[in-house]
Amino acid sequence: MFDNWWRYKKIKLYAYGTLIATAVVVVIAAIMMFIMIFSTQNAECFNDDQTVAEAGQGIGGDWQDHNSNTYKAMRHAADRFQKELHMSGDNIAAALAVGLRESGFNPKAVNPGGAVKGIWQWGAGGINGDRYKDTQDNVESQVQLAINELKSTHKGALIDLATADNINSSLVAWDTKFEGVGVNDPQRRVADTLKTANEIKKVFALDFPGSINVFDHGNNNSGIGDNSTNANTSGLSEATCDSGLSSNDNGLPVKGQYSITGGYPNYGGLTGATHYGVDFQTTDHALSSSGGNVYAVHDGTVVAKSSDSTGGNWLVIKGTDNVFTYYGHAPTQEAIVVNNGDKVKAGQHISHQGQTGMATGIHVHFAVNTHDQFGWAPQSNGLKSPGDYLKLPQKVGTNVVVPNGPFDSDKK
Ligand SMILES: [Zn+2]
């Protein structure tokens, strides 16, 4: 009996022992599986060898963390916008901020209600048409789509980005011309997006000027120089231009009494906001008056005529001296009485002072670039002090406070 009891007890102990051992093995196995799964996820999220396309598939992480997939995806977009379109740092910060706002920079983001998808929430069939088409759900493919559109169907955005001289105007360009959102639409979330864009500029070191050349790209049928409403009709140009009543031999873009209302390279001297031209306002600047006429300052050819949210209606002349001059804020395209390709003479009436684009009063924004017909953003290569170029009676240049007028343009 004792023997039997002991044998019974031993069997019971073996059984418990086996159960416990099995449980321990199961628990260890479970822990190892957790570790494996966890480390696999880590490997997917933080693998330096991943291509950008793969980063797009598993997008994630804090975009401010240089190891995160979101950062890598945004870096890819930033580098390509810079290399392939020559966008400025501010342009790129704006584009990336809108991508973050719209999708978290996730190329797989879909909003079925709005029938939109992708980083910048393109229409994908249905109510918004199908811009997305056969674009893939990865970053490379969607950055390519954005670049293709900026060169063609959405060139208006590129034109506005070319002259946007800060993050805010870059955001307006991207939102209104690429996303198709009204400038006052609450979905722009202006304050938040501007804050994000400023942070992006720092994190991605986007501190460089742009040199977008909208002539370079694709079909020019909606581009700069071709979108004037008078469609380059030379008949109109000859009929209205330089009737002989108003030419100007003082070498300035204006005639008569004038004031300089904005200096270069900032409005008022050391502390003013950046301003890459000189603003002239004649005493007689009424829109209906020839006193507000604008004149070519050198012999040359009109090489660009367009409009955007910064310069309003503007034109560029390439002088026979190989210098480019810019005249902005004309009241309408028709007020620019010359057209692309027209030869002009120094002193010829070409345009009129106005207040289109970013302007707080009627004037002409006049700028000079010695080698780039689109280099009108601050710090663009080739920008030159208009005061130096025109030899104004009181120089308006680096660290020079805007002089009080009015001046007599005949006594320069
Ligand atoms: Zn100006």
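Atoms within a ligand are numbered from 1 in the order they appear, just like the ligands themselves.
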Assess the residue pair Lys305 and Asn339 against the criterion (side-chain hydrogen bond (donor to acceptor under 3.5 Å, both in side chains)); give the C-alpha distance rounded to whole Å, side-chain angles, the decisive distance to 0.1 Å, and a yes or no. CA-CA 7 Å; Lys305 171 178 176 177; Asn339 285 299; 2.6 Å; yes
Just verifying a value: how many Å separate Phe280 CZ and His365 NE2, rounded to the nearest 0.5 Å? 11.0 Å
For the Zn ion (ligand 1): the N/O/S atom of Asp279 at shortest distance: OD1
Before giving the answer on side-chain hydrogen bond (donor to acceptor under 3.5 Å, both in side chains), spell out for Gln136 and Asn138 the whole-Å C-alpha distance, their side-chain angles and the decisive distance to 0.1 Å. CA-CA 6 Å; Gln136 295 164 48; Asn138 64 52; 3.2 Å; yes
Ring centroids only, cut at 6.0 angstrom: are Phe366 and Tyr327 within range, meaning strictly under it? yes
Tell me whether His363 has at least one N, O or S atom under 2.8 Å from the Zn ion (ligand 1). no
Which atom name does His365 have for its N/O/S atom nearest to the Zn ion (ligand 1)? ND1
